[in-house]
Amino acid sequence: MAKIKGAVIIDQQRCKGCDLCVVACPTNVLQLQPKEVNDRGYHFAFTANPDACIGCASCAMLCPDACFTVYKVTIADNN
Amino acid sequence: MNSEEIIKNGTLIYSRPKLLNERNTHYCPGCSHGVVHRILAEILEEMGLEDKAIGVAPVGCAVFAYNYIDVDWIEAAHGRAPAVATAASRLNPENVVFTYQGDGDLAAIGTAETIHAANRGENIVIIFINNAIYGMTGGQMAPTTLLGQKTATTPYGRRADLNGFPIKMSDILAQLDGTCYVTRQAVHTPGAVRKAKKALRQAFENVLAKKGTSVVEIVSTCNSGWKLTPAQSNDWMAANMFDKYPLGDLKNI
Amino acid sequence: MAEEIRLMKGNEAIAHAAIRYGCDGYFGYPITPQSEVLETLEELMPWETTGMVVLQAESEVAAINMVYGGASTGKAVMTSSSSPGVSLKQEGISYIAASELPALIVNVMRGGPGLGTIQPSQADYFQATKGGGHGDYHLIVLAPATVQEMADFVSLGFDLAFKYRTPAMILADGIVGQMMEKVVLPEPRRRRTEKEIAEQCPWAATGRHGRKTRNVVTSLELEPDKMEVNNLRLQETYKRISEAEVRYKEYHTDDAEYLIVAFGSVARICLKAIEDALACGIKIGLIRPITLWPFPTNEIKRLSEKVKGILTVELNAGQMIEDVKLAVECKIPVYHFGRMGGIVPNPGEVLDAFNKHFPEASK
């Protein structure tokens, strides 16, 4: 069975740290930076668990600031 | 395969619409306006309406919509967007004219303009952001504020005997012969966002087909006004607002 | 259709002139004594011929915002109303002025304040010339005295509005709106093409049509430094208008010893009074400001240097007299005679008022 894997790029300077993507992500890929802030003072989102990404783009759908770019690959199962 | 390889070799699933320019929005973190702006820009771009669209943004938080979506815009006085759009559309019938109005604008100060533009069947899209509060002025009661809901001007909760009832404008607009499409959507889940975008697409298709007035109400959050986090706001909206403002098409002809 | 001589009301002349100017849109709401403008346009159905849009709006507020919307797209658009309705339009007029949009607004004045009367008046002089709505702005204000000028000032008003990107107002009184006179209607001009509009109004929100940058029509600017620049730009426009666009007419002023200042149809009543006075050897001249803003300050000042006194005659409690006094700089006496409530004085009353204030003139 083929496996779908995804990856996201986050525009961290644009991010306002609203947390909606973190809540929306079904595979818990995303978190807000607990301490670090961007130039505008927001605790921006980052991929804490990138390998879990399935490229569903839920984060991108919910992001009010259009910070996400989403990619996906389908990996054929060699078994 | 790691993230870098996926980005290099994978399929692009989603990227920011080009029509949404690089300027950071003034909206509060988590504000529904941002999501609606984004899907509006996506629709205008996907439908190739960059050159035809004229947006009308009246007073309210979204008065600055013109700063973010790279189409021509007219900023309108509070409540008057449908009148402004009426003339813009009638005088430029080959253009695609839309308004982007909040609940105070559409359902209080601009009730007359909204109802009469819709009743004339002006060939426009009315995007109606209903977050049940006045966001820009600091969280006062809106005509759509729920009974019991606390705002800056209903600090003990909205009371029917003092403040009247929340108004369901889309239901009123759906009764008018001039409207061809009235729908109520939300943008609180990925599925809802996709549906809202589809509704917007239909509304703009209606304008291209010169079918009359299309109204897309988006039940929205105002986390600053509601004094909740963005995620809590989405939950509160789903738990409280959808009873009064149920999602779905009210009219589609 | 070429130039044409007709007998009609001033209000009707406005409608005919608008179509012949190549006006793109009219948006109005019925109110006495100007409803014939909208009625005539609906009867003439210009959308069938020139393509001009005519719409009866749900209110004066909506109508002026339709004008704002149409003007924002570079179109030549207008509205008309009468005093209470023009009060309702003031917010929109302020937006139009602030957004530097060309538009034409017609006020066929009736008596106020409040709902007042449907009879003629000139009591909106302050409102028209001193701003009317909020903020620092001016309208170009044209005061017609004849049905012919009602027709002529439509094109003049639009031309000035587009030249300076500012709203113009025809400030007519109910008399000139309602009375019938011979009028020469101008040869029709075609409406501008979209291409011509794009060239003439590169700022207009027409849809980008390949333009790289978006056009935004707005009066909003939250940064004080930028907002002051916007204000200074408006003031610069008003300065240019003041220097170039003052219009007035003088009658019998060459050897006048006294001067009457009156505008609109009242000036015609005064002219009759002056002719009666001249027959008795009393030398009174008349200056009729045609632009109430910009006001013919310098011209009145020049005339004031050779006359003994001035009488202003207005259908109000004394409004234009303030501008006359500013022009005269207190060097000679300036008196007001006016009737209100919709009463129009006859030439005899004007002369009586003159003789009361200047008894020495008839000795």
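Proteins come first, then strands; the chains are lettered A, B, ... in the order of their sequence lines, and each starts at number 1.
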Any chance [atom1] of [X] has more than 12 other-residue heavy atoms, nucleotides or ligands included, within less than 6.0 Å?
| X | atom1 | answer |
| --- | --- | --- |
| C/Q200 | CD | yes |
| B/F165 | CZ | no |
| C/K195 | NZ | no |
| C/D136 | CG | no |
| B/K18 | NZ | no |

Where is the tightest heavy-atom contact between [X] and [Y], given as atom of each residue plus distance?
| X | Y | value |
| --- | --- | --- |
| C/G207 | B/I54 | N-CG1, 3.7 Å |
| B/R80 | C/V61 | NE-CG1, 3.3 Å |
| B/E75 | C/S219 | OE1-N, 3.1 Å |
| B/V71 | C/R208 | CA-CD, 4.1 Å |
| B/A87 | C/G69 | CB-C, 4.2 Å |

Could you grab the distance from atom [atom1] of [X] to atom [atom2] of [Y], nearest 0.5 Å is fine?
| X | Y | atom1 | atom2 | value |
| --- | --- | --- | --- | --- |
| B/L91 | C/T73 | CG | OG1 | 5.5 Å |
| B/F64 | C/L222 | CZ | CG | 4.0 Å |
| C/Q56 | B/R120 | CD | CZ | 10.0 Å |
| B/E50 | C/R211 | CD | CZ | 13.0 Å |
| C/Y95 | B/I74 | OH | CD1 | 13.5 Å |

Q | Test item: B/D72 side-chain N/O and C/T206 main-chain N/O as donor-acceptor pair under 3.5 Å | A | yes
**Q.** Residue among B/N21, B/V59, B/N67 with most heavy-atom pairs under 4.5 Å to chain C
**A.** B/N67
Q. Taking B/T86, B/V56, B/V96 one by one, which has the highest count of heavy-atom pairs under 4.5 Å against chain C?
A. B/T86
Q: May I ask you to name which of C/D24, C/L220, C/V53 has the most heavy-atom pairs under 4.5 Å with chain B?
A: C/L220
Is the closest side-chain heavy-atom distance between [X] and [Y] below 4.5 Å?
| X | Y | answer |
| --- | --- | --- |
| B/I115 | C/E58 | no |
| C/R214 | B/I69 | no |
| C/T218 | B/Y66 | yes |

(Q) Need one label for B/A77: side chain, backbone, both or neither, based on atoms under 4.5 Å from any heavy atom in chain C. (A) both
Q | chain C contact via B/D70 - which portion, at a heavy-atom distance below 4.5 Å | A | both
**Q.** Contacting moiety of C/A204, where chain B heavy atoms sit under 4.5 Å
**A.** backbone
Q) At a heavy-atom separation under 4.5 Å, does C/L55 approach chain B through its side chain, its backbone, both, or neither? A) side chain
